[in-house]
Every structure is written in C-alpha cells, then in structure tokens.
There are 2 protein chains.
Amino acid sequence: MRITMEDVASRAGVSRALVSLAYRDRPGVSTETRDRILSAGRELGYVPNRVAARLASRGGNTLGVFLQDLHNDLFADLFEGSRTVADGAGKQLMLGVGALDGGRDAEVLETLAQSWVDVVIAFGLQMPDAEVREMAERVPLVCVLRGVADIDSVVSDNRHGARAATRHLIELGHREIAFLANPPSDGYMDRRHGYAETMTAAGLRPRVVETTYSRETAAADAGALLDAGDPPTAIFAHNDQAAMGVLDALFRRGLTPGREVSVVGYDNSSPSKVPGVALTSVDVDGVALGRSAAELALRRIASPMAPAEWRTSFPTLMVRTTTGPPLP
Amino acid sequence: MRITMEDVASRAGVSRALVSLAYRDRPGVSTETRDRILSAGRELGYVPNRVAARLASRGGNTLGVFLQDLHNDLFADLFEGSRTVADGAGKQLMLGVGALDGGRDAEVLETLAQSWVDVVIAFGLQMPDAEVREMAERVPLVCVLRGVADIDSVVSDNRHGARAATRHLIELGHREIAFLANPPSDGYMDRRHGYAETMTAAGLRPRVVETTYSRETAAADAGALLDAGDPPTAIFAHNDQAAMGVLDALFRRGLTPGREVSVVGYDNSSPSKVPGVALTSVDVDGVALGRSAAELALRRIASPMAPAEWRTSFPTLMVRTTTGPPLP
DNA sequence: TTGTATGCGTTATCAT
DNA sequence: ATGATAACGCATACAA
C-alpha cells in the first residue's frame, strides 16, 4: 500500500491538513511541527500525490505542450522558449509528442485536453483547420508555426522567408529553381506561395515538386528531379530535413552543393549548422516563438474570453555554403 | 463550472456509472443507451477528466520518461523506441525534460515520481549515483545510457565504443590522438577509459582534455588544443555535439576534417549524418535502447521485487568522411 | 442492463 | 496554530 498524508499525519501526531500545509510550505504551521512533519514523511518514505493534489485543487496551473517531432530540433528550441516563461510564471508543463506525418495529432491533443491543462500550446500541428477549431472548443489552444483563424496563433511569416530564400537564389543568377514542397494536406502552404510568387515576379517558371517530411523521400524526389532532362540549378526545400535529402541526392551523384546545384533549407535546425556543408537556411528563431506562445497561453488564462490574438514574426535567411552562383 | 459526468448522466437520463462505462466502451451498456450517452456528452461539450480517473483507479498504467535534452536527437530515438513498446502494452507516457548540464535532473524526476507513474525510464541522467539510488527508493527507475548498480539499467558499452573509435584512428596511422572528455562529475567515464586503455595498449600517450556538453565550449577547447605546440592529428570527442565544436574549430582555422585532422564523435546523431562532412561516429542504436528500457520497465511492473536487471548492448563505429590517414 | 454507494489522496473551508 | 469535514470527478464493487 502506498503511504499517504494520513500516515504521515498520524506518525507526526498531527492532522492531515497540517501535513498538507507543511509540504507546500504555506504559512500557518509552526517551524517546530513543520520539521516534525517533514521528518516523519521522510522516515516513512512519503511521496506526495500530485494526481490527488490536482484534483483537490481543481486542476489548473499546467500548460499542455504538443511537439510535432523530437527529431527536428526546431521543436527543442520552441520547447525551450516556452519553458523559460512557464518557469517564470510558476506553471508546470505537460508534454505530448506527435508524429512526423501528423497521424497522432488528434490523439495527443485529446490526452492533453483530458489532463486538465489550462491551455495547450501546439507546436506544428498538421491536422485540418476544422479539426483544430473543434479541439479549441475543448481546450484553449495556442497554435504555433501554423496560423488558424480565430485561434491564438504564433507564426513566423513563411511567405516572407520563402521569398527571401528564392530572391537570394535569383540574385545569385539562378533561373531554374525548383521547390521541394511538403504535402499540401497539412495546411502549410505559405512557403510554396512565397516561392511561386517570387519566381513569377522575376519572370521565371515555378517548378514545384511535392515530397514528404522524410529525408529519404526527399532524396528520392530530388534525385528524380536531377536525373530528368532539364534539371534545376537550385533547389529550395520546404524544410531542413528535406534539404538533407537533397544533399544526399547530390552527393550520391558526385555533385557539390553550392557549385553544380545550390540548396536552401528552412528552419535553421542543427544539421544545417554543420560546418563544411553548412546549409543555407531560413531561421525562424524557435526560442522566441516558443516564448511568444507561452505568453499568449498565460494571457489566455488571465482573460479566457479575450479575442484571439495572432503574433507574426519575420524569419531571416542564413546564407551559408550550399548556395552560390550557378556554373556558367 | 466544468461539465462532469454527472451532467452528462442527468442529460442522458442515466446514472454516472453508466456514463463511465460508456466512455471507456466497456461491456455492460446497451448500444442504444451508449449512443444516447455519447451524444449527450458531445452536446454538452463534456471532456473526461483524466486526473480524477487516475485517482479513482489508483494511478498506474503510466510510464514516466525523463529525457536529458531535446536538442540531441539521440533522445528522440530513445523516446521513439520506448513509445513503440509502451503503445503495444497500452501504457501512457508522461514526459519530463532535463537540462544539458543535469541541473534539472532531481526536480524533473521528483515531478515524475509524484505523478504516480509506475516506473520512470531515465534517459541520460547526470546526477550522482547516490542520488539516483535515493530516487529509486521513491519510484522504480530504469536508468538508460548510465548504469547504476542494483538498479535496472540499459547501457551501451561505452568502453567498447571508445575502443573501436580509438583503434580506428590508430589503424589509420594516427599517433597523437586527443580525447575531448565530458565533465568527470556526471558519471560517464567509460568512453574516457576505453580511449585511454587503447592508447596505452598501443604504446601511445593518452591526451585527455576536459570540456562540456556545449558545442561552443568544445570548439574553444579544441581550438586551444590545435593552437598549442604539438597539436594532435586526430581528436575523439565524447559526443557528437562536442565533435561539432571540434569541426567548428577546424574550419575556423582552414583545416579540413579527415585530412589535416581527423575527428570522431559519439552517438551518431543527425548532424553527424550530413553528407559532405559526414562525421565518423559511434552508433548506439537509440531506438533499440529505448525499446529495451521500456521492456525492463514493464518487467518491473510485473514483478516489482525482482532483482535489478542490466542490459548491455554493443555500439558500432560508423566510419564516414571526417577520419582519414594523417598527412605525412 | 442499470443504479447505488463508497473510496481514491489531496486541498480548501470553517471551526476551535 | 491546529483540527474536522466537505468537496474534487471518477471507478468500481455490489445491489437491483
């Protein structure tokens, strides 16, 4: 049987209420009995029960956090940012991890909602807007990296980032620039649009090839692109993971990124920072986004009925070694 | 006020107990009333309360998971492995994230313990053995990447891995091989030992330089090593993160890894897989370790009194492009 | 199949 | 400062 407050109380010769106060060191307990209680607890090996505590105190004081994928360290930055402000506000965090293909979004969000969290901060949801909105009726939601109308959202302007990346390639002299796009079903279309409109504005032909979030698939799709007639001289990938796949495809063919073919990624995640083949990438400043998200979450707790707030930040292009002028 | 089972029950014209059964679709509810209950719940916007549910069902059915650092995707693999078997066994996972310097280990473990989890799977603890053992008296613990006597542990043989890495460098012809070591305080000494003994056995002088888990510090420490008289021709870093720092230091000095200086990392994390400067690294197979850990956790639940079990696996060296013969 | 009653371990309220 | 007692929302034996 598990040791409860009751046991500690009787061992220390006091009431349960005092034990409770003592363990949360709240005023109303003399220093002497407090010590007696704590040492009684220690002797018994008492471990306070947070589940019961949360029930008794009517839940709350906890933020739910959904992370799309632990393999992408952008999410580590996002989490770090949120944790900083959560710590400052004395809020606990409860984590849920999704899957690369979005297949666990609903399930994880549901668990978080049922866990009596005040708000769920969702980093990188992929489920349809309609479902997101549906979820938001069950728990307050802060959507990050993904803007959803009428829902608190923290987004980085993907269109802006994609424009900058595309412009960079055009300015280097590239004319055949392909975009390796994420699946259109997940709601992230701005990078594609930013790319396409910049190409069109420059009088160039947009070439969109759809791929997935997996490095392997991206390598295969990029490979097909390279092997076909009229290969592009530059490839802009929807994120770094896909860009790694592009690099794989290049190296497999003996091509050097930044020379025969330029490559740009998106997210500025850790693999892009490897020296040598340092990937030119768009930096979204995950830590800042994470902080913003947590701030919105706190605001939502403070005023549950406030109208939804959107925060938009602007990413910056990090030019590294995988982009250069096209060969003559 | 929050909507409870009571509300749903009265709306559906049944008792609380039936609502409970219906929502967990357990036998004992006619299909007809089940539907009535669920739609009543939907109309009211009822969200089941897991906190209360866990209290009522005496906790359990949950594994705690401690992750040292989300920025290192080895932990993503470990988590993935554990999640696979947890899913298979119908166990929930509750996550806690530590800090790079181990400064949050105790606090996070404490939270997990108080959350009524059956076992805590700890990936990459850094706190002293004594404290680990102390924690293990409060919650069953499965220690991963770190072996602790008398405690369920899943480890990769670091000594073995370090030997393989060092041997690889020696066989390439290197004689001045430095080891960039983690802080000695965190309990991970086997890589250092494996390195040192292999060097000594080959009649070479071990050169250990202590650094931290941060890439920047590693870059600085490696830089100092390179700038001093008698620089090594190869550097073996205690993990990939530190190895990235070494690469930074090399590139800053115009040196090419695998040519002027060979570099080996440890963990085979994603940055090491970037083509071009692909880092030679020791692969620990995180997914397999994560699976093993979860299996041990389940075993511990099944037989709480069983003696502690250790599982050891053997890492493999992944030779890539950052290692080569020393220049003549 | 359905309803009733009790308990889970804690916090909060109200006495003393 | 300390103690008694009622929630908290649900699961679960048990009765009907």
Side-chain angles (χ1 to χ4, degrees), chain A residues 1-38 40-41 44-62 92 111 113-118 138-139, chain B residues 1-38 40-41 44-62 90 92 110-111 113-118 138-139:
Chain A
M1 220 52 232
R2 196 183 165 101
I3 288 143
T4 78
M5 257 188 184
E6 191 66 57
D7 304 321
V8 179
S10 67
R11 175 90 134 111
V14 296
S15 72
R16 273 206 330 260
L18 270 190
V19 178
S20 175
L21 294 178
Y23 263 87
R24 292 175 292 154
D25 51 32
R26 304 274 278 239
V29 191
S30 70
T31 332
E32 187 201 1
T33 53
R34 216 184 70 94
D35 293 349
R36 194 151 40 88
I37 290 172
L38 292 182
L44 290 173
Y46 169 63
V47 177
N49 187 327
R50 263 187 146 85
V51 176
R54 291 196 68 208
L55 179 58
S57 57
R58 283 106 237 233
N61 205 36
T62 306
Q92 291 286 317
T111 302
Q114 298 187 356
S115 300
W116 225 350
V117 298
D118 301 310
R138 321 188 61 180
V139 217
Chain B
M1 218 54 230
R2 196 181 164 102
I3 289 143
T4 78
M5 260 187 179
E6 190 68 56
D7 304 322
V8 178
S10 68
R11 176 90 136 105
V14 296
S15 72
R16 275 202 335 252
L18 270 189
V19 179
S20 176
L21 294 178
Y23 263 88
R24 293 173 294 151
D25 53 30
R26 304 273 279 238
V29 191
S30 69
T31 331
E32 186 202 359
T33 54
R34 216 183 68 94
D35 293 348
R36 193 150 40 88
I37 290 172
L38 292 184
L44 290 174
Y46 169 63
V47 177
N49 187 326
R50 263 189 146 84
V51 176
R54 291 196 67 209
L55 180 58
S57 58
R58 283 105 237 242
N61 204 37
T62 305
Q92 291 286 318
E110 184 67 37
T111 301
Q114 299 187 356
S115 300
W116 226 349
V117 298
D118 301 310
R138 323 188 61 179
V139 217

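Below, each value reflects all heavy atoms present in this structure, side chains not excepted, and no hydrogens, waters or symmetry copies. To find a chain, count down the sequence lines: A is the first, B the second, and so on, and within it residues start at 1.
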Task: For atom CG of B:N61 and atom P of D:dC10, their distance in whole Å - done: 18 Å
Task: Smallest separation among heavy atoms of A:P48 and A:Y23, with atom names - done: CG-CD2, 4.0 Å
TODO: Indicate the atoms forming the closest heavy-atom contact of B:P27 with B:L21, along with that distance.
DONE: O-CD1, 4.5 Å
Open item on the list: Taking only side-chain N and O atoms of B:S30, does any of them lie within less than 4.0 angstrom of OP1 or OP2 on C:dT2?
Closed with: yes
- [ ] Mind listing the closest non-hydrogen atom pair of B:S20 and B:R24 along with its distance?
- [x] OG-NH2, 2.8 Å
TODO: Using atom CD1 of A:I37 as one end and atom P of D:dG3 as the other, report the distance to the nearest whole Å.
DONE: 8 Å
Task: Rounded interatomic separation in angstrom, taking CG from A:N49 and P from C:dC8 - done: 12 Å
Open item on the list: Less than 4.0 angstrom between a side-chain N/O of A:T4 and OP1 or OP2 of C:dG9, yes or no?
Closed with: no
- [ ] Have a look at the helix from C:dT1-D:dA16 to C:dT16-D:dA1 and give the angle its two end axes make, five pairs each, rounded to 10 degrees.
- [x] 30°
TODO: Quick one: closest heavy-atom pair of B:A52 and B:N49, and the distance?
DONE: N-OD1, 3.1 Å
- [ ] Provide, to the nearest angstrom, the distance between the CZ atom belonging to A:R2 and the P atom belonging to C:dG9.
- [x] 8 Å
Open item on the list: To check you understand the geometry: which heavy-atom pair defines the closest contact between B:M5 and B:Y46, and what is its length?
Closed with: CG-OH, 3.3 Å
TODO: Figure out the CG/P separation between B:L18 and D:dA16, and round it to whole Å.
DONE: 17 Å
- [ ] Would you please confirm or rule out a distance under 4.0 Å between OP1 or OP2 of D:dA1 and any side-chain N or O of A:T33?
- [x] no
Task: Flag, side chain of B:S115 to backbone of B:V117, donor-acceptor distance under 3.5 Å - done: no
- [ ] Grab the CD-P distance between B:E6 and D:dC8 for me, whole Å please.
- [x] 11 Å
Task: Expected output: side-chain A:D35 to main-chain A:E32 donor-acceptor under 3.5 Å - done: no
- [ ] Whole angstrom is fine here: how far is it from CG in A:L55 over to P in C:dT11?
- [x] 11 Å
- [ ] Look at all strands and tell whether B:V14 reaches a base, only sugar-phosphate, or nothing, counting heavy atoms closer than 4.0 Å.
- [x] sugar-phosphate
TODO: Apply side-chain contact (heavy atoms from CB on, under 4.5 Å) to A:R34 and list each qualifying residue two or more places apart in sequence or on a separate chain.
DONE: A:A22, A:D25, A:V29, A:L38
Open item on the list: Using side-chain heavy atoms (C-beta onward) and a distance below 4.5 Å, is B:R54 in contact with B:W116?
Closed with: yes
Open item on the list: For a quick check of understanding: with a heavy-atom distance under 4.0 Å over all strands, which category does B:Y23 fall into, base, sugar-phosphate or nothing?
Closed with: nothing
Taking only nitrogen or oxygen atoms into account, show me every contact under 3.5 Å that the protein makes with nucleotides 11-15 of chain D, one pair per line with its distance.
unit_1 : atom_1 : unit_2 : atom_2 : d
D:dA11 : OP2    : B:S20  : OG     : 2.5
D:dA11 : N6     : B:R16  : NH2    : 2.8
D:dT12 : OP2    : B:R24  : NH1    : 3.1

